[in-house]
Amino acid sequence: MALDSERQIIDYRLAFAGQAALELQVRLGEACAPVQSAPDWTRLAFQQCPHCPLKAEAERACPFALALQQPVRLLAGHASFEAVEVQVQHRGREVRQRTTLQRAAGSLLGLLGATSGCPHTRFLEAMAWFHLPFSSSDETLFRVLGTYLLGQHLKANKGLAADWQLDGLREAYRNLRKVNQGMAKRLQAACNEDSSLNGLVLLDLLAADTLYSLEQSEGELDDYFAGYFDDPVP
């Protein structure tokens with residue numbers, strides 16, 4: 001199925017008081033910038049995540065790091081606590097929010113990570129096609145569970161083994177936390193200010209919260225599904 005640009009392109013516009021707005025465009029399903037032009041901190045061997053399955057002999061650059069080149073460059077000199085007016089356009093809709101740069105960077109970096117080609121973020125790629133900026137912890141849990149279970153349904157339809165117990169999802173989130181921590185080490189070497197780094201810290205906190213909900217479920221989403229728990233009408 002051919003995808004039109006309305007679904008493939010996500011535009012972020014960040015407006016700071018008294019400064020020119022910054023504009024970043026994410027094109028889903030497309031490769032990152034050429035490796036030749038990438039800075040040294042994007043090399044795969046530089047602060048490589050200990051659980052990374054890629055080999056530096058075969059891959060020069062970390063795909064997640066490559067995806068972060070533009071925001072790191074544009075956000076250099078801005079601090080995480082700065083107020084920013086964010087405008088996100090995707091699928092013919094526009095989302096606006098006045099927030100801190102840390103939260104805006106967290107939303108953007110999560111999108112870039114999911115579509116970067118990193119083996120440990122690939123399970124989030126389907127969610128990126130239906131991007132929800134600034135999602136809360138319960139929204140993230142809802143979307144993650146719904147996406148994963150739909151993926152298992154589609155696998156079962158193709159005769160593949162499905163993971164209805166969510167064991168694979170829990171493991172994926174454990175790996176994701178390690179990726180976030182590894183990328184934070186890279187960005188410490190790349191950022192003049194802390195906006196992108198704190199965006200990753202925010203992502204890691206959200207990943208930790210989601211993982212906790214998956215491993216120690218306390219019925220966080222039960223209230224939204226009350227209709228599913230009603231006794232059947234005789």
* Roughly how far apart are Asp163 CG and Tyr148 OH, rounded to 0.5 Å? -> 3.5 Å
* Mutual orientation of the aromatic rings belonging to Phe123 and Tyr173 [parallel < 30°, tilted 30-60°, perpendicular > 60°] -> perpendicular
* Co-membership, hydrophobic cluster, residues Leu111 and Leu132, 4.5 Å side-chain -> no
* **N-O pairing of Arg174 and Glu215 below 4.0 Å** => yes
* Is any side-chain heavy atom of Met183 less than 4.5 Å from a side-chain heavy atom of Leu68? -> yes
* Asked: Does the side chain of Leu108 reach to within under 4.5 Å of the side chain of Val26, using non-hydrogen atoms?
  -> yes
* Asked: Hey, which of Leu28, Thr147, Thr115, Ile10 is the one that makes side-chain contact (heavy atoms from CB on, under 4.5 Å) with Trp129?
  -> Leu28
* Asked: Do Leu166 and Tyr212 share a hydrophobic cluster (ILVMFWY, side-chain heavy atoms under 4.5 Å, transitive)?
  -> no
* Residue pair Ser116 / Leu66, side-chain heavy-atom distance below 4.5 Å -> no
* Asked: Between atom CD of Glu220 and atom OG of Ser213, what is the distance when rounded to the nearest 0.5 Å?
  -> 4.0 Å
* Name of the residue among Leu150, Thr210, Thr140, Leu169 meeting side-chain contact (heavy atoms from CB on, under 4.5 Å) with Leu145 -> Leu169
* To do: Report the residue from Glu94, Arg13, Gln25 that forms a side-chain hydrogen bond (donor to acceptor under 3.5 Å, both in side chains) with Gln89.
  => Glu94
* Asked: Just how far is it from atom CZ of Phe142 to atom OG of Ser136, taken to the nearest 0.5 Å?
  -> 11.5 Å
* **From Arg43, Gln48, Arg186, Gln47, residue fulfilling side-chain contact (heavy atoms from CB on, under 4.5 Å) relative to Cys62** => Arg186
* Do Tyr12 and Pro133 come within less than 4.5 Å of each other through their side chains, counting heavy atoms only? -> yes
* How long is the gap from CG on Leu75 to CD on Gln70, to the nearest 0.5 Å? -> 9.5 Å
* Asked: If you draw a 6.0 Å radius around CZ in Arg91, do more than 12 non-hydrogen atoms from other residues or ligands fall strictly inside?
  -> yes
* Asked: Could you give the distance from CG (Leu211) to CG (Leu176), rounded to the nearest 0.5 Å?
  -> 9.5 Å
